[in-house]
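Working notes, structure below.
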Amino acid sequence: MKMTFRWYGDGDPVTLEKIRQIPGVCGVVSAIYDIPVGQVWPLQNILDLKDKIEAAGLSLSVIESVPVHEDIKSGDGDRDLYIDNYCKTLRNLSKAGIDCVCYNFMPVFDWTRSELAHELPDGSNALVYTNETVKNMNPLTGDLSLPGWDTSYTKEDMQALLTKYQSISEEDLWNNLQYFLKKVIKVAEEVHIKMAIHPDDPPWDIFGLPRIITNKRNLERFLNLYDSPYNGLTLCSGSLGVDPNNDMVDFIHTFADRIHFAHIRNIKITGDRCFEESAHKTDCGSLDIAGIVKAYYDSGFTGYIRPDHGRMIWGETGRPGYGLYDRALGAVYINGLWEAYERANATRKDMNL
Ligand code: DNO
C-alpha cells in the first residue's frame, strides 16, 4: 500500500512542508480547484501542481476529485460535451503520470454533516450527523457549507437543480452513471488511469435527492455496469460504515481487486442515522479499524490509502475534517498496524507456519 495525505492546494493551512514531516507519508492527494466543474484541466496546470508537490519532496499520487458536472448526473443538457471534457482531462492527467482518479456521483451535494465542530467529551471537536437536524435543514438558505460542495451555485441555480432532480429516480441515476462509464472507462483503459468512485456520504438519500453508491448490492451493481479493472472503487470506511449493515471487512475481501483507493476513518454510531466522527483508533468508534487494515493487508492491497477526516485537536482550527494533527495520528496508526501485520507474517514464514 502507499500511504498518502490530502492537500487542498496553496490555500491549505496544512502545508506540503508539514505533510512531509508525517512519518511514512510519501504521496499527496490533491486536485485543481480553480477550474469550473465541467471544464478541461489544462496540462500545464496539472504539471505545475505536480512540480510544486515534487519540489516539497512528495509525489502527486491521486487526484481527488475530478468532479462530475450535474448535467452528466442528471442526464441532461450538455452531458456529452461535459463527458468529452472529462475524457480530455483524463488524457491530460495521464500525460502528467497520474494513474488514479477519485470522483463521486452524488447529486448536488457531496458529503454532508449537520454540525462541523461538535465538542466531544475530551475537548476535541468533530463533524457530526444527526438525522433530525438534516431533515430540518434547508439547502436553499445555505445553513451549512462544506469543503466538498460546489459553492458557486446561486440560490436560483440551487432551486433549479433541486427541481430538476425531483423527476429523476434512482433508476435514472443508474442509467446516467452507466452512460458516463461507457465513455469514460474506455478512455481510462486507454490511458491507464484507475477510476475510483467514492461512495455516497452518508449512504442514504438526503434532501429528497437519490443516492445509489450506498451498500454491498449497489457496489456490485456498479462494478458490473462496466466490468473492467479500471472501473473501481474508493472504499471509504467512514462513509459506508455509518450504516451498520455495511460490513467493511467483508467489503474489502469481496471487492479487493477493484479497490484502488482506501479512505480509512472511524465513526461512532450514536443513533438511527446519527453518528459522530471519531479518532482512527478502533476503540474510539464503531468500526473495527484494526480489522479493516488487516483485511487490506491480507488481500495484498497495493493501492493508495489515506487517513480520512480528523477531529480538531490541540486547539487547531482550519478546514472541517481536514486539520493536520488528528489525520497525521491516523496515518501513523494505520502505518503501525500495517507494520505489525507485516512483522507477524514474516515471523510466521520464518517459523514455517
Ligand atoms: C470528503 C471526501 C469527499 C470526496 C468526494 C470524492 O471528505 O471524502 O468529498 O473527496 O466525494 O469525489
Side-chain angles (χ1 to χ4, degrees), residues 4-9 12 14 28-33 35 37-38 41 61-70 72-73 86 89-90 93 98 100-117 126-129 144-151 173 177 180-181 184 188 193-204 206 209 211-214 219 222 231-242 248 259-267 275-278 280 287 303-312 318-324 326-327 330-331:
T4 64
F5 207 80
R6 191 171 195 180
W7 179 62
Y8 274 97
D12 193 336
V14 182
V28 167
V29 172
S30 197
I32 290 182
Y33 295 100
I35 307 258
V37 176
W41 292 9
S61 302
V62 180
I63 297 296
E64 178 176 353
S65 312
V66 180
V68 177
H69 194 278
E70 290 302 328
I72 300 178
K73 292 183 241 173
Y86 204 97
T89 294
L90 290 186
L93 286 168
I98 298 300
C100 185
V101 166
C102 169
Y103 68 102
N104 73 74
F105 217 75
M106 290 176 250
V108 193
F109 301 102
D110 193 327
W111 59 300
T112 301
R113 299 291 180 270
S114 49
E115 214 185 316
L116 302 183
L127 295 140
V128 305
Y129 185 99
L144 194 61
S145 79
L146 280 169
W149 294 3
D150 183 343
T151 46
L173 196 58
L177 177 54
F180 170 75
L181 293 175
V184 166
I193 289 187
K194 300 254 173 79
M195 296 297 293
I197 198 169
H198 189 286
D200 302 346
D201 182 359
W204 49 72
I206 54 161
L209 298 161
R211 289 190 157 199
I212 53 178
I213 309 298
T214 51
L219 290 182
F222 166 76
N231 180 34
L233 307 172
T234 295
L235 201 80
C236 177
S237 67
S239 302
L240 292 165
V242 299
M248 300 318 300
I259 302 172
H260 304 315
F261 188 24
H263 284 184
I264 299 187
R265 135 168 92 84
N266 209 346
I267 45 87
F275 60 88
E276 60 193 31
E277 298 194 352
S278 42
H280 284 73
L287 302 186
Y304 300 101
I305 292 191
R306 74 168 176 83
D308 203 357
H309 305 166
R311 302 159 304 144
M312 285 299 175
R319 188 181 283 270
Y322 284 96
L324 170 65
D326 205 34
R327 284 191 300 147

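Both ligands and their constituent atoms are indexed starting at 1 by order of listing.
Ligand 1 places these atoms under 4.0 Å from at least one heavy atom of Tyr322: 1 (C), 2 (C), 7 (O), 8 (O). Interface of Glu64 with ligand 1, defined as ligand atoms under 4.0 Å from a residue heavy atom, comprises 2 (C), 4 (C), 8 (O), 10 (O). Within ligand 1, counting atoms from 1 as listed, the ones closer than 4.0 Å to a heavy atom of Asp110 are 3 (C), 5 (C), 9 (O), 11 (O). With ligand atoms numbered from 1 in the order given, ligand 1 contributes 1 (C), 7 (O) to contacts under 4.0 Å with heavy atoms of His309. Less than 4.0 angstrom separates some heavy atom of Met106 from each of these atoms of ligand 1: 11 (O). Of all atoms in ligand 1, numbered sequentially from 1 with element shown, those under 4.0 Å from a heavy atom of His263 are 8 (O).
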Step by step, work out the side chain to side chain contact (heavy atoms under 4.5 Å, CB included) result for Lys73 and Phe180.
CA-CA 8 Å; Lys73 292 183 241 173; Phe180 170 75; over 6 Å; no
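Look at Gly321 and you'll find every heavy atom at least 4.0 Å from all atoms of ligand 1. Close to ligand 1: Arg306, with a non-hydrogen atom less than 4.0 angstrom away.
The N/O atoms of Asp308, backbone and side chain alike, include none that comes under 3.5 Å of an N/O atom in ligand 1.
Minimum interatomic distance between Tyr86 and Val68 (heavy atoms only, all atoms of both residues): CE1-CG2, 3.9 Å.
For the salt bridge (charged side-chain N to carboxylate O under 4.0 Å, His left out) with Glu277, the lone residue among Arg311, Arg265, Arg327 that qualifies is Arg265.
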